[in-house]
Amino acid sequence: MVEYMVEFDDDYDTDSLESTVEDHWESVDAYERTKEAHADDPTFYFLDGPPYVSGATHLGTGWNKALKDQMIRYHRMQGHQVTDRPGYDMHGLPIETKVEEDLDFETKTDIIEFGVEEFIERCKEFADHYLNEMESDFRSLGVWMDWDNAYRTPTTEYIEAAWWSLDRIDENGLVDPSDRVINWCPRCQTALADAEVEYDDIESPSIYVKFPLVDDSASLVIWTTTPWTIPANQYAAVDADLQYARLTATSDDGAQELIVAEECVEHVVEAAGLSDVEVVETFSGERLTGEKYTHPLESHLPKQTELHEEDIVHRVYATDFVTADKTGIVHSAPGHGEEDYEFGKEVGFSVFSPVDDTGAYTDEAGEYAGAEVTQGFDDGTANALVLDDLEADGALLASGRTAHRYGHCWRCDTDIVLRATDQWFIRITDKQDVLLEQMDESQWYPQWARDNRFRNWVEDARDWCFSRQRYWGIPIPIWVPENGPREEYITIASAGELAERADQDIDLEDVDLHRPVVDEITITEDGRTYHRIDDIFDVWFESGVASLASIGVPGDQEDFEELWPADLIIEAHDQTRGWFWSQLEVGVAAFDEVPYEDVIMHGFLNDAEGDKMSKSVGNIVEPKNARDRYGVDPTRLYLLSHNPQGVDLDFSWDGIEGAQRRLNIVWNVLQFADQYMSIDDVDPTSLSVDDVELEVIDQWILSRMESATATMTEAMERYDSHEALDAVIDFLTEDFSRFYIQTIRSRVWEETESPTKQAAYATMTRVLTQCARLLAPFTPFIAEAIYQELDGAAETVHMLSWPEHDARLRDAELEAQIETLREVEEVGANARQQGERGRRWPVGRVVVSGSAEVVEDIDALAPILADRLNARRIETTTGEWEGVSWRVDPDMSELGPAFGQQAGAIADALSKLTREEFRETPTVDVDGESYEVDESMVSFVRETPEHVLSSEFTDGAVYVDTDRDDALEADGYANEIVRRVQQLRKELDLEIDAGIRTAITVDDEGVDALLNDKMDHIATETRSEAVVDSLADPAASVSETIHGVPVVIGVEPAA
RNA sequence: GGGCCAAUAGCUCAGUCAGGUUGAGCGCUCGGCUGAUAACCGGGAGGUCCGCGGUUCAAAUCCGUGUUGGCCCA
């Protein structure tokens, strides 16, 4: 017996198998050995996209990591030293808000009172906690990454990557301190990136407000859903080319003289309930430009009176953002609207934004100071106060409510406020041509993700506001002069540089560069003292530097030269606008280069109904649920069998169960080989297919394996990994288990040593050990088990190389022959079934008719076919079977082009003909018209003769002759008896090679006589040392009627 | 409101690029086979190829449009 290093159960028990394999990996340091094995190979920089560490992982994250693990393992096996540091995104507002919730905080003030240092410590603890949970989930899915060396955003290493990148971007002249309108969360008191704003339908005021013109008796009518922005109004916008109308009308408030877009008159009349409407004149928007108006709330807003004095304020401007919607005139508040702001800047407005960080009006808002700016209607809020005054002052033409989409903070759901604030920007729009060019340098799988989705996004890109007014993040390394201006800022590229230039002593070994520590550091140069700005980085900027941080840049410039940019990244399609983008932005802004070469963009894992998995719905499947129920390999097989390129996956437990079933077959195949080699005391490592006499079926399975290997390699190279996985699983189940193993059973069941057995063992060993390697990237546990069971020379299968294609073993002709054989077998089985002839009962002959090729193939393989169909003889003929009649089968693909609309009717007529009739007169009459049909437009199908059962296949037909004689009957009865004895052996739980004594009583003289000659055969097949008339006290027995003949069988173990 | 992706058997998916009577696996059902197998083999039932319109002799496939779901954006 061979001593195996690792012992496995006979059954496919994933729990025990996986823990056995894990123990083995640990005991031999399999992961470390694997990396060592590739230490001198060419490098391959795989970059892990860092998942965000808050809350539990769901199986979609598991899918992502399984895909990564699969590619890492594959590239290693292909001879690469693969970078495999996992990453974690640990900073940011989500964690801050969770910690705030834990501490019952309401606002930022609470944090300051609590102490920033302590708060940051809590955030770190929170992040570490979830990091550990996630890591354990990932590891439990068999993912091999460098867990002890993960890159994490709060480390000094990572912070330096961000600092260094910003410094580079600044050198490129793209850093821009600027006040701009941004999304602001009043609760979190910070700017939000566009990506951090979520939209929902809410109800808001919908109001029509009159702006009385100064040099005209009419009023402009504007429409808005944000009454609170009216106190900040500075101008009104129209479209120069749009037609506007002056109308007179009567409302509840009396006579009105109004100006709105001509197309909007009807709408306004209806909304305001106007009567006696008369359009006095129409004119282009151009004519309105320059008109001065009076702010409708001027009496409540001393600041507006002041602004009114400025010539440019409270005038009408022609802009390109006005459409003929609602009134066709837009009230513009540059402090609170992005387009309003951009245009206002061009004209030269000084921005007026009377809203503070908490979302309350400032003193500049006059009597409204302190009121809360929200989208609601509550008493005392800005909207309510403004509405009341507009109405009281007669400026409110109409007021209602409207449901529309409005943004809220992704973390705390607070309605966002658009507001102009001092922020820091990267002017990425300056680089748009480089962005597009570099985007095209990367290869995306699927390609449409790049050419449609991503391009669309990049073309619409806006400048990047990277500053955030929060705590838990990388501090922005910008120091500004104490008394301004902030445009004269300096940037710091590393901790070392900071230590050199700082006024304070900094212990580089020990310093934590987070707030508040870094806030205290000042720099004094040339007589000026600089203080750090309070802001931290947008977390997307952090993720954008991952390609640097994960290889230790800027500290490790050597790796930067050698590895960067990354060879491959793999994330889901939500990252088009996320990490794929933030990386491109940083890469281009800092280095004019895209930081990744290949991108696999996979889909989302949705629930069984196709709906998003979400915590609130409660339909989340966690990795450990799947692992506990079906095991890691089945879960991975299920996930990895799906297209990894852009397509969503609807989760199903049945799918995992199906995967488990397929692996069960793989396991059984291993057990089969293992069992017989053990009985024969054969050491699989001593066998080689080069040293045995291979039979044709052995050659075939080896050829098929090489074909599958080639298919896999080719599919993997274009990242169609699911096709690769399908190929090996298909090979193992369809070809190896269902065909090869079935075919060789009689060869290995023989008790004596034989060359044919050696050939089968050598073949099975070769197939299984190679498949262990082919399975390794996908189902690492069962792959290891197979390898250790049959070889085990290396510590782990995962350190071995991907199988190279062995052309010597390929035989395309033989594969085609067997393909034909299987087709013939299938239709033969079909014919047999029609004849109700069970497979234990042999038939006299099977005739195969078909093309010369089919006949040649079948002749070459006749013994195998005879065995599988249980037929005495296989006959072949290229001619036709006597008595077979033929009818005409029209070919629509030919008739269609030839006869157009008549094709259908012609086909109907043709199908009524026999072949003879057709050949005699190849014409049909349809609607009195006669059509001549060429024979190439039809084919002929067999009419089966009644006494022979037949079935057709592509290139021929199979006829099963069910005539029987005594010899055939004898074989049938013998097979039935053998089968029952085997069943009894099994019931007795005998060793597979144990001897027995068997008693057979047949209560039918004729059949009994027939069986006389078969007793030796029965004895051999059942390992019976003796077949006797009766046993006094059989250990097991069965009494049954076989084809109407009562039979009693008894079995006992041989002495 | 916009961009992208998807919709085919009860379920999960091929087939769509390149038009020619839709396939597989699972499930169901009937039968067969079995000393590797909780496995396997064969037959059968099961389809408005999401709807509508167009192009064409011919559309699951191409075009237009709508619906539903997903991702992203506004």
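If you're wondering where the values come from, they're calculated on a predicted model, not measured in any experiment. By convention in this document, chain letters (A, B, ...) are assigned in the order of the sequence lines, proteins followed by strands, and residues within each chain are numbered from 1.
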Which pairs, protein N/O on one side and nucleotides 39-42 of chain B N/O on the other, fall under 3.5 Å?
unit_1 : atom_1 : unit_2 : atom_2 : d
B:C40  : OP1    : A:R738 : NH2    : 3.4
B:C40  : O3'    : A:R738 : NE     : 3.2
B:C41  : OP1    : A:R738 : NE     : 3.2
B:C41  : OP1    : A:R738 : NH1    : 3.2
B:G42  : O2'    : A:Q833 : OE1    : 3.0
B:G42  : N2     : A:Q833 : NE2    : 2.8
B:G42  : N3     : A:Q833 : OE1    : 3.1
B:G42  : N3     : A:Q833 : NE2    : 3.4

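- Partners of A:E723 by salt bridge (Lys or Arg N to Asp or Glu O under 4.0 Å), not counting sequence neighbours, listed by chain and number: A:R718.
- When heavy atoms are screened at a 4.0 angstrom cut-off, A:L649 is found touching the sugar-phosphate backbone but no base atom.
- Under the 4.0 Å criterion applied to side-chain N and carboxylate O atoms, A:R980 and A:E1040 are assigned as salt-bridge partners.
- With the nearest nucleotide of RNA chain B identified for both A:D460 and A:W448, A:W448 has the one nearer the 5' end.
- Side-chain atoms of A:T998 and A:S1024 form a donor-acceptor pair, as typed in the model, at a separation below 3.5 Å.
- Base pairing annotation: B:G69 forms a Watson-Crick or G-U wobble pair with B:C5, both donor-acceptor distances under 3.5 Å.
- Listed by chain and number, the residues in a salt bridge (Lys or Arg N to Asp or Glu O under 4.0 Å) with A:R450 are A:D440 (sequence neighbours excluded).
- Residues meeting the side-chain contact (heavy atoms from CB on, under 4.5 Å) test with A:R822, sequence neighbours left out: A:W700, A:E734, A:D735, A:F739, A:I818.
- Only the C1' atoms considered, B:A18 is 42 Å distant from B:G32, to the nearest whole Å.
- Residue side chain A:R577 does not reach the base of B:C71 through any donor-acceptor N/O pair under 3.5 Å, judged by distance alone.
- Backbone-only contact: A:Y676 has heavy atoms under 4.0 Å from sugar-phosphate atoms and none from a base.
- The partner of B:C28 is B:G44, by the rule that a Watson-Crick or G-U pair needs both atom distances under 3.5 Å.
- Residues satisfying the salt bridge (Lys or Arg N to Asp or Glu O under 4.0 Å) test with A:D971, not counting sequence neighbours, are A:R872, A:K1014.
- By the ring pair (Phe, Tyr, Trp, His ring centres under 6.0 Å) test, A:Y341 pairs with no residue at all, sequence neighbours left out.
- Base pairing of B:U34: no nucleotide in any strand meets the Watson-Crick or G-U wobble criterion (both distances under 3.5 Å).
- Position along RNA chain B of the nearest nucleotide to A:D648 versus A:D989 favours A:D989 as the more 5'-ward residue.
- In terms of phosphate contacts, A:N456 brings no side-chain nitrogen or oxygen within less than 4.0 Å of OP1 or OP2 of B:G2.
- In terms of phosphate contacts, A:K986 brings a side-chain nitrogen or oxygen within less than 4.0 Å of OP1 or OP2 of B:U37.
- Remark: B:C17 base-pairs with no nucleotide in the shown strands. Criterion, Watson-Crick or G-U wobble with two distances under 3.5 Å.
- Partner assigned to B:A59 is none, using Watson-Crick or G-U wobble distances below 3.5 angstrom.
- Using Watson-Crick or G-U wobble geometry with both donor-acceptor distances under 3.5 Å, B:A39 finds no partner in any strand shown.
- Residue-level contact check: A:Q982 touches the bases, meaning some heavy atom is under 4.0 Å from a base atom.
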